[in-house]
Enquirer: 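Handing you this structure, nothing more for now.
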Number of protein chains: 2
Amino acid sequence: MHKLESHLCFGGTQEVWAHAASSTSCEMRFSVFLPPQSQNARCPVLYFLSGLTCTEQNFINKSGAQRYAAEHGLIIVGPDTSPRGAGVPDAEGDDIGLSAGFYVDATQAPWSAQYRMHSYVTQELPALIEAAFPATDVRGITGHSMGGHGALICALRNPGRYCSVSALAPICSASRGWGRKAFPAYFGENPDTWRQWDACDLLRASEDRLHLLVDQGDADPFLKDKLQPDLLREACIEGGHTLDLRMRPGYDHGFYFVASFVGDHIAHHAAALKSV
Amino acid sequence: MHKLESHLCFGGTQEVWAHAASSTSCEMRFSVFLPPQSQNARCPVLYFLSGLTCTEQNFINKSGAQRYAAEHGLIIVGPDTSPRGAGVPDAEGDDIGLSAGFYVDATQAPWSAQYRMHSYVTQELPALIEAAFPATDVRGITGHSMGGHGALICALRNPGRYCSVSALAPICSASRGWGRKAFPAYFGENPDTWRQWDACDLLRASEDRLHLLVDQGDADPFLKDKLQPDLLREACIEGGHTLDLRMRPGYDHGFYFVASFVGDHIAHHAAALKSV
């Protein structure tokens with residue numbers, strides 16, 4: 001594991017690290033913001049999962065999250081969005097392959113060898129963070145777009161592993177929305193396999209009852225065809241989950257939207273994580 | 001003039017525009033953040049000048065300034081850092097030519113025809129902003145690195161035009177620091193011509209008394225050779241200006257530093273601009 005970047009920011013430190021990851025059989029990068037409070041005590045960790053086309057950089061450059069994490073004493077960890085490097089499979093288009101890992105463990109060749117972001121994000125990375133940084137094992141998870149889908153499925157497939165879940169403009173039902181191209185490639189043609197990685201299907205089947213905070217811009221150009229918050233609303237009602245879905249008039253899908261509301265999400269997670 | 005981007009952000013609107021600029025004889029882009037207060041009343045304007053290698057995008061993507069501008073009801077305008085386009089002269093290196101306009105009016109060929117960022121930033125752009133947007137003619141100016149130099153010389157060469165001035169990690173004496181390559185190219189070999197565009201020389205000669213707010217990271221790798229805040233301190237003492245120079249332990253030169261302190265600068269300008 002080696003440090004690539006370290007910058008003071010709002011009294012804490014924004015770092016970027018690289019390490020040889022076994023889940024994905026490649027070098028992975030991740031960002032970690034260490035708030036000032038972590039100099040004196042272990043802090044809970046909020047995982048932020050990014051969207052299509054992003055790396056570990058976009059969120060730390062553009063969201064302004066460090067200010068809120070420093071206020072609340074949360075560590076924020078941001079993994080990359082797919083395996084990368086020589087030999088890692090890719091395909092045409094932004095919504096499959098590199099930068100489009102969808103936080104799943106693929107089962108179909110050629111993807112299955114390295115597109116194992118679910119294992120990486122839920123197991124390998126937290127184990128590393130909790131061993132190498134002043135972090136507790138109290139975890140929250142959130143994300144944007146594909147990363148919102150990721151946050152939901154990580155929480156739903158791993159009951160008890162995250163104390164809080166939220167999402168910004170999530171892909172609510174990847175198999176019916178923005179994952180329609182990636183899911184058949186990663187899992188094959190049988191739709192039953194897709195349901196195991198689709199947040200809406202998982203919400204219907206879950207025995208856990210989640211309390212979800214979701215923000216969504218109503219001027220988001222991907223709203224109806226690719227994000228589908230109406231499906232999330234229905235699935236939460238059917239599954240008995242609490243959903244605080246806040247439609248934000250006039251906001252689009254980009255980082256100006258994320259920056260505007262990430263402070264609310266960090267406050268939401270801080271309240272949950274610090275009460276454990 | 002045409003709009004290239006418009007995004008809701010913290011209840012206001014982050015826009016990017018392009019227009020045919022007469023000062024620089026090319027199309028220029030600028031960013032403008034319109035706070036929510038500007039829907040009902042004209043607001044004062046803070047000009048933010050960016051550093052070497054930047055365009056009008058870096059500050060609006062990375063600083064998080066919109067949150068503070070929305071709180072205080074300030075419009076923030078961010079011009080590009082040089083003329084651009086087919087036929088605009090350039091030279092080897094990051095510190096001359098494209099993205100390195102230094103907010104001066106060059107006098108030497110081939111630069112003198114279009115490298116007229118001083119006229120653009122202090123005259124043409126404010127006239128356009130005050131005609132086309134809900135802006136008053138109450139102006140503040142700030143900037144980062146080369147843009148900090150720009151803010152200082154714009155205020156010093158145009159007494160009464162700006163009600164408040166500040167800078168983040170400014171090039172304090174361009175002719176002795178980070179402008180050592182650009183200044184002879186833009187103004188010729190006679191150092192007397194450089195002094196007319198050097199903040200420290202202008203501070204010594206100014207009849208106005210400025211109250212300057214400056215933040216500077218003490219782990220900034222450009223501190224001693226290229227930024228030289230010690231020269232600024234001396235020039236302010238000699239010229240009788242008030243300087244609040246805050247050395248920030250451990251901070252470097254990048255946007256994590258800018259993001260950490262831009263809120264203080266916006267509050268400083270808001271207090272001055274709203275008391276006019």
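So you know, we letter chains A, B, ... as the sequences are listed, proteins then strands, and number each from 1.
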Enquirer: If you count heavy-atom pairs under 4.5 Å with chain B, which of A:R67, A:R248, A:K62, A:Q14 comes out on top?
Expert: A:R67

Enquirer: Say you draw a straight line from CZ of B:F257 to CZ of A:F10; how long is it, rounded to the nearest 0.5 Å?
Expert: 11.5 Å

Enquirer: Please check this pair: side chain of B:Y256 against backbone of A:T13, looking for a donor-acceptor N/O pair closer than 3.5 Å.
Expert: no

Enquirer: With a 4.5 angstrom heavy-atom cut-off, is it the side chain or the backbone of B:F255 that approaches chain A, or both, or neither?
Expert: neither

Enquirer: Any donor-acceptor pair under 3.5 Å linking the side chain of B:Y251 with the backbone of A:G11?
Expert: yes

Enquirer: I'd like to know whether NZ of A:K224 has more than 12 heavy-atom contacts from other residues, nucleotides or ligands below 6.0 angstrom.
Expert: no

Enquirer: Show the nearest heavy-atom pair for residues A:C9 and B:S260, with the distance to one decimal.
Expert: CA-OG, 3.3 Å

Enquirer: Who among A:G64, A:P249, A:A259 has the most heavy-atom pairs with chain B under 4.5 Å?
Expert: A:A259

Enquirer: Given a strict heavy-atom distance threshold of 4.5 Å, which part of B:N61 is in contact with chain A: side chain, backbone, both, or neither?
Expert: both

